[in-house]
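Comments concern the structure below.
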Amino acid sequence: MSDDTGLETPAATDLPGQPEVVDHLAVARLYGEPLFALPQDLYIPPDALEVFLEAFEGPLDLLLYLIRKQNFNILDIPMAAVTRQYLSYVEEIRSRNLELASEYLLMAAMLIEIKSRMLLPPKKTDSGEEAEDPRAELVRRLLEYEQIKLAAHQLGTLPQIGRDFLRAQIHIEQSLQPRFPDVAISELQAAWRDILKRAKLVQHHTITREELSVREHMSIVLRKLQGRKFVEFEELFDPSRGRPVLVVTFVALLELGKETLVEITQAEAFAPIYVRLAYTPA
C-alpha cells in the first residue's frame, strides 16, 4: 500500500506471524521476545488481586498509593475519584477473601461518610466559625502514616547486624595479673656475687663485734618494700655496712621468700631482678 507521499508502507499483515500492531510497539516481552498484543487465551488467576492487596500494609497504605499514583494533592483530596477507585479494589476481593477485605471495608465506609458530609452545606459552630473540613482528620492520618513509612524505609536501609554484616568475635585468653618468669638459682647467685664485689670496694679497718638479727633485717627489708611496687634486688643491700650485714640481709631476704612474704621476679632472662611484697599491707 502507498500513502500520500508515494512511499510504500508495508501493512501489518505483510509481516509473517505478526498481528495487527500500531507502529510496531511491543506491549510486553515474553522470554525476551517482544509481544505486540495480549494473547487471547491469557489467564489471570482469581487470587491475583488478593496478592496485590496483600502487598499493602493496610487501608491507609492502599489509600496513600491511590493518591500518589494519580498525583492528587493530599491536602485537597478529590473524594469522589479516590473513593471510586478505592471501592473498585475492595469490591473485587470482598467475595473471595472477606477476612482480607474486612479492614479495607472500614476505610471504605469512612470515605463514603466524608464524601456525604462534603455534599451537605457547611454548618458553622456555636462560636460562629466555619466547621472543620471533613477531610482534615483523614489528611492528618495520611500525613502521619507517610512520615512513619518514610522513616521506617530509611531505618530499613541502614546496615543491620546479621543481615548486612556479622560481628567478629575473637577470644583472647589472658590472665588478670601478669605472670613473671621464675628466677633461676644461677641468676640469684650471679646477683649475689655482684653484691660481694661491690662490698669489697668499701673496707673498714676498725674491727668490731656486732650481733646481727635475721628477724630485725627481715623487718628492715619489709619496710623498704612497703609503698613501692617493685624494688631492685641491689637496693635492698647497703655495701657500706660491710659483708656481715650483707650476709644477714641476704639470709633475711631468703627467709621472707620462704615464708611467701615477698616475691622475687624477673621480666626475662638476664634482666634485672626485682623484689616486691607478696601481700597488700593494711
Next on the checklist: Are V214 and L222 linked, directly or through intermediate hydrophobic residues, by side-chain heavy-atom contacts shorter than 4.5 Å (ILVMFWY only)?
Outcome noted: yes
Checklist entry - Mind checking whether Y274 and F230 have parallel, tilted or perpendicular rings, split at 30° and 60°? => result perpendicular
Checklist outcome for this item: For F72 and L66, the nearest pair of non-hydrogen atoms, with its separation, is CD1-O, 4.5 Å
Checklist entry - Can you tell if the side chain of M107 reaches within under 4.5 Å of the side chain of L60, non-hydrogen atoms only? => result yes
Next on the checklist: With a 4.5 Å cut-off on side-chain heavy atoms, are I112 and L87 touching?
Outcome noted: yes
Next on the checklist: Show, in sequence, the C-alpha distance, side-chain angles and deciding distance for L256 and V221, and conclude whether the side chain to side chain contact (heavy atoms under 4.5 Å, CB included) test is met.
Outcome noted: CA-CA 9 Å; L256 290 172; V221 173; 3.7 Å; yes
Checklist entry - Does some side-chain heavy atom of D238 sit less than 4.5 Å from a side-chain heavy atom of T249? => result no
Checklist entry - Which heavy atom in L253 sits nearest to a heavy atom in F237, and how many Å separate them? => result CD2-CZ, 4.4 Å
Checklist entry - Run the side chain to side chain contact (heavy atoms under 4.5 Å, CB included) check on L63 and L111 step by step: do they pass? => result CA-CA 10 Å; L63 188 60; L111 295 176; 4.0 Å; yes
Next on the checklist: Heavy-atom count check: over 12 atoms from other residues, nucleotides or ligands less than 6.0 Å from I161 CD1?
Outcome noted: yes
Next on the checklist: Run the side chain to side chain contact (heavy atoms under 4.5 Å, CB included) test on K69 and Q85 for me, step by step, so that the C-alpha distance in whole Å, both residues' side-chain angles and the decisive distance to 0.1 Å come before the verdict.
Outcome noted: CA-CA 11 Å; K69 181 181 178 181; Q85 295 181 17; over 6 Å; no
Item to check | pair Y86-Y65: side-chain heavy atoms closer than 4.5 Å | outcome: no
Item to check | Heavy-atom side-chain contact between K224 and V275 under 4.5 Å | outcome: no
Item to check | Whether T157 side chain and Q154 backbone form a donor-acceptor pair below 3.5 Å | outcome: yes
Checklist entry - From R141 CZ over to L64 CG, what is the distance, rounded to the nearest 0.5 angstrom? => result 12.5 Å
Next on the checklist: I'd like to know if L196 and L212 are part of one continuous hydrophobic network [Ile/Leu/Val/Met/Phe/Trp/Tyr, side-chain heavy atoms within less than 4.5 Å].
Outcome noted: yes
Checklist entry - So, do F250 and I195 sit near enough that their side-chain heavy atoms are less than 4.5 Å apart? => result no
Checklist entry - So R68 and E146, salt bridge (charged side-chain N to carboxylate O under 4.0 Å, His left out) or not? Walk me through it. => result CA-CA 11 Å; R68 294 307 187 191; E146 190 175 26; 2.7 Å; yes
Checklist entry - About how many Å separate CG of D61 and NZ of K149, when rounded to the nearest 0.5 Å? => result 3.5 Å
Next on the checklist: Within this structure, what is the CH2-CD1 distance for the pair W192 and I273, rounded to the nearest 0.5 Å?
Outcome noted: 13.0 Å
Checklist entry - At their closest point, which heavy atom of G257 faces which heavy atom of V262, and how far apart are they? => result N-CG2, 3.6 Å
Item to check | Interatomic distance, Q266 atom CD to L188 atom CG [nearest 0.5 angstrom] | outcome: 9.5 Å
Next on the checklist: Evaluate M110 against K115 for side chain to side chain contact (heavy atoms under 4.5 Å, CB included), listing each step before the verdict.
Outcome noted: CA-CA 9 Å; M110 181 183 299; K115 179 182 177 182; over 6 Å; no
Next on the checklist: Tell me if the CZ atom of F165 is crowded by more than 12 foreign heavy atoms within 6.0 Å.
Outcome noted: yes
Checklist entry - Do the side chains of E259 and M218 get nearer than 4.5 Å, heavy atoms only? => result yes
Next on the checklist: Using every non-hydrogen atom in the two residues, find where P239 and A199 come nearest and quote the distance to one decimal.
Outcome noted: CB-CA, 4.1 Å
Next on the checklist: Using only atom types and a distance under 3.5 Å, with no angle test, would you say the side chain of R135 pairs donor to acceptor with the backbone of I77?
Outcome noted: yes
Checklist entry - Taking a hydrophobic cluster as the set of Ile, Leu, Val, Met, Phe, Trp and Tyr residues connected by side-chain heavy atoms closer than 4.5 Å, whether directly or through intermediates, do L142 and M118 fall within one such cluster? => result yes
Checklist entry - How far apart are the C-alpha atoms of E137 and R140, what are their side-chain angles, what is the distance that settles it, and do they pass the salt bridge (charged side-chain N to carboxylate O under 4.0 Å, His left out) test? => result CA-CA 5 Å; E137 180 62 26; R140 282 194 293 267; 2.8 Å; yes
Checklist entry - Do the non-hydrogen side-chain atoms of L138 and M79 ever get within less than 4.5 Å of each other? => result yes
Checklist entry - Roughly how far, to the nearest 0.5 Å, is CZ of R223 from CD of Q226? => result 8.5 Å
Checklist entry - So how far is it from K229 NZ to R276 CZ, rounded to the nearest 0.5 Å? => result 7.5 Å
Checklist entry - Would V251 and V248 show up in the same hydrophobic cluster when neighbours are defined by side-chain heavy atoms closer than 4.5 Å? => result yes
